[in-house]
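Just below is one structure, and these are the notes that go with it.
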Amino acid sequence: MRLLLTTSQGIEDIAGREVASLMERLGVPFRVEEKPLGVEGRLLLEAGEAYYTDEKGRKRELSIATYLNENSRLLHRVILEIASERFEGIGEDEPETALKRIEEFVSSLPVERFVKVSESFAVRPFRKGEHRITSVEIAKTVGEAIFERLSRFGSPKVNLDHPTVIFRAELVGEVFFLGIDTTGDSSLHKRPWRVYDHPAHLKASIANALIELAEPNGGSFIDPFCGSGTILIELALRGYKGRIIGLEKYRKHIRGAEMNALSAGVLDKIEFIQGDATKLSQYVESVDFAVSNLPYGLKIGRKSMIPRLYMAFFSELSKVLEKRGVFITTEKKAIERAILDNGFKIKHHRLIGHGGLMVHTYVVE
Ligand code: SAM
């Protein structure tokens with residue numbers, strides 16, 4: 001079986017390690033490939049069949065897709081592959097030609113093996129790159145080709161709002177992909193615990209990638225700009241045994257973070273403090289790990305504050321941080337200056353895709 005797994009751009013290696021460790025637990029042969037056909041934010045998992053023994057001692061097949069949907073913290077979607085194909089030059093094709101190529105390809109695929117004709121279906125598209133066709137046109141073309149093909153076997157049903165089966169059709173650059181989306185319409189990074197929606201909240205998948213980069217080993221852990229608490233809640237949900245602290249300047253957000261933690265069932269695991277990260281040493285004497293999504297200050301009038309805020313924060317951090325910090329921001333110049341001027345070393349840097357931007361991520365010691 002081949003599964004296409006989606007995640008954020010720039011954390012494919014971390015998601016790949018998570019998938020490998022989940023698959024090792026199942027004890028089935030598998031292979032994970034990062035960025036298949038060069039597509040970022042994607043992984044390809046090839047796996048043998050997995051079984052479990054039910055309460056009556058019978059051998060049952062275990063759905064690897066369901067297992068990953070239930071257990072992954074870094075994936076966004078788990079999609080059963082029907083076919084992948086590179087369409088050379090599709091970006092320059094006239095719309096009619098591009099859609100014809102997609103239609104002919106999809107018509108040749110044995111989609112009937114993946115869906116019962118009696119089940120309703122819909123096609124959800126995803127398009128990225130330079131093309132002269134839209135994602136709506138892709139969905140329509142693929143939907144018609146599937147409908148035609150299934151008509152050979154009965155009377156297919158389309159249900160765009162509540163389909164039983166979701167086909168996912170992606171065109172990323174020249175790579176076309178068709179599969180069955182086992183995750184459903186809500187991406188896995190949208191956590192059910194989120195009852196308070198911070199305007200700049202971090203994706204839970206990226207929060208977990210930052211936690212992995214910090215390698216916390218049971219020592220105390222702080223998010224000094226914790227907003228709605230994403231990083232801390234995800235850490236607590238992993239069963240972290242160390243002290244977990246959240247600092248946030250605004251009452252509204254700290255209350256929101258508490259509501260989220262309550263909804264996640266981890267409120268008693270996290271100490272939330274309303275306070276100013278530029279006075280960090282007033283709240284904590286020492287802390288082993290600090291992981292945060294720093295304020296970007298994209299709002300007009302606030303951007304000039306960022307270098308000063310970062311400088312003041314890293315100066316305070318240098319008084320209390322014992323082991324490692326991981327920070328994510330768009331403000332490359334300001335953070336690098338603040339890190340280096342306060343005696344920290346950059347141990348690792350990478351770019352991660354978040355909210356349509358590639359955001360700078362630093363591991364500092
Ligand atoms: N990771 C958070 C989440 O998922 O909800 C979002 C963090 S958001 C990018 C940055 C947060 O820093 C905002 O909630 C903002 O109110 C807070 N903040 C700004 N200045 C601060 C300061 N001096 N001390 C503490 N928090 C501050």
Side-chain angles (χ1 to χ4, degrees), residues 8 11 73-74 187 189-214 221-237 244-264 266-267 270-284 287 289-299 301-317 319-321 325-332 334-335 338 342 352-357 359-362:
S8 291
I11 59 169
R73 300 181 189 279
L74 281 115
S187 170
H189 74 74
K190 293 182 186 153
R191 298 293 204 248
W193 55 251
R194 192 178 293 287
V195 290
Y196 174 69
D197 199 7
H198 187 289
H201 75 246
L202 194 63
K203 280 194 178 120
S205 48
I206 299 178
N208 278 284
L210 302 186
I211 293 170
E212 290 294 330
L213 289 172
F221 186 110
I222 192 167
D223 179 349
F225 299 88
C226 77
S228 59
T230 312
I231 297 168
L232 307 171
I233 293 168
E234 288 294 316
L235 181 70
L237 286 171
I244 308 179
I245 311 154
L247 194 64
E248 163 62 46
K249 190 168 172 183
Y250 297 100
R251 189 183 150 80
K252 180 176 159 188
H253 297 324
I254 204 92
R255 292 284 163 269
E258 284 169 348
M259 295 298 283
N260 281 337
L262 179 69
S263 142
V266 294
L267 184 58
I270 307 171
E271 297 163 43
F272 286 108
I273 306 165
Q274 189 185 348
D276 183 347
T278 63
K279 301 189 176 112
L280 187 60
S281 63
Q282 292 184 7
Y283 310 98
V284 285
V287 68
F289 302 95
V291 177
S292 204
N293 170 24
L294 300 178
Y296 304 161
L298 291 175
K299 282 187 210 142
R302 287 205 50 209
K303 203 151 171 124
S304 60
M305 305 266 298
I306 292 297
R308 255 183 295 149
L309 173 70
Y310 286 12
M311 196 56 79
F313 164 63
F314 277 94
S315 156
E316 280 292 291
L317 187 68
K319 298 181 191 164
V320 299
L321 188 68
V326 178
F327 302 99
I328 183 165
T329 177
T330 52
E331 304 305 305
K332 180 176 176 1
I335 192 176
N342 287 291
I352 297 180
H354 185 48
L357 298 168
V359 189
H360 295 271
T361 306
Y362 298 83

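We count ligands from 1, going down the list as the structure has it; atoms in each ligand are counted the same way.
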Below 4.5 Å, heavy atoms only, C-beta onward: do [X] and [Y] meet side chain to side chain?
X	Y	result
I245	I270	no
V291	D223	no
I233	R191	no
L232	F272	yes

Give the single entry among [options] that approaches [atom] most closely by any heavy atom.
atom	options	value
atom 11 (C) of ligand 1	E234, M305, E248, H201	E248
atom 22 (C) of ligand 1	K249, Q274, K252	K249
atom 1 (N) of ligand 1	N260, T329, I233, N293	N293

Using a 4.0 Å cutoff against the non-hydrogen atoms of [X], which atoms of ligand 1 qualify?
X	answer
H253	14 (O), 16 (O)
L309	23 (N)
A200	6 (C), 9 (C)
L294	9 (C)
G275	24 (N), 25 (C)
T230	3 (C), 4 (O), 5 (O)
A277	22 (C), 23 (N), 24 (N), 25 (C)
S228	3 (C), 4 (O), 5 (O)

Do any nitrogen or oxygen atoms of [X] lie less than 3.5 angstrom from nitrogen or oxygen atoms of ligand 1?
X	answer
H198	yes
R194	no
I231	no
L202	yes

Over all atoms of both residues, closest heavy-atom pair of [X] and [Y]:
X	Y	answer
W193	E234	NE1-OE2, 3.0 Å
G355	K203	N-NZ, 4.4 Å
V195	N260	N-OD1, 2.8 Å
G229	A257	N-CB, 3.9 Å

Mind checking what makes salt bridge (Lys or Arg N to Asp or Glu O under 4.0 Å) contact with R194, not counting sequence neighbours?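 For R194 there are no salt bridge (Lys or Arg N to Asp or Glu O under 4.0 Å) partners, ignoring immediate neighbours.
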Who pairs with K319 by salt bridge (Lys or Arg N to Asp or Glu O under 4.0 Å), at least two apart in sequence or on another chain?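 Salt bridge (Lys or Arg N to Asp or Glu O under 4.0 Å) check on K319 returns E316.
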For ligand 1, is there an atom lying under 4.0 Å from some heavy atom of [X]?
X	value
S292	no
C226	yes
A207	no
D276	yes

M311, CE: over 12 other non-hydrogen atoms inside 6.0 angstrom: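 Counting other residues, nucleotides and ligands, CE of M311 exceeds 12 neighbours.
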Contact partition for P224 relative to ligand 1, non-hydrogen atoms under 4.0 Å: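 Near ligand 1, P224 shows its backbone, while the atoms from C-beta on stay back.
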Is it the side chain, the backbone, both or neither of F225 that has a heavy atom closer than 4.0 Å to ligand 1?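 Looking at F225 and ligand 1, atoms from backbone and side chain both fall under 4.0 Å.
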So, F313 versus F327, ring centres under 6.0 angstrom or not?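 When the ring centroids of F313 and F327 are compared, they turn out to be within the sub-6.0 Å range.
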Exam field: side chain Y250 to backbone G227, donor-acceptor pair closer than 3.5 Å: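 Not at all, since once roles are kept as given, no pair shorter than 3.5 Å links the two residues.
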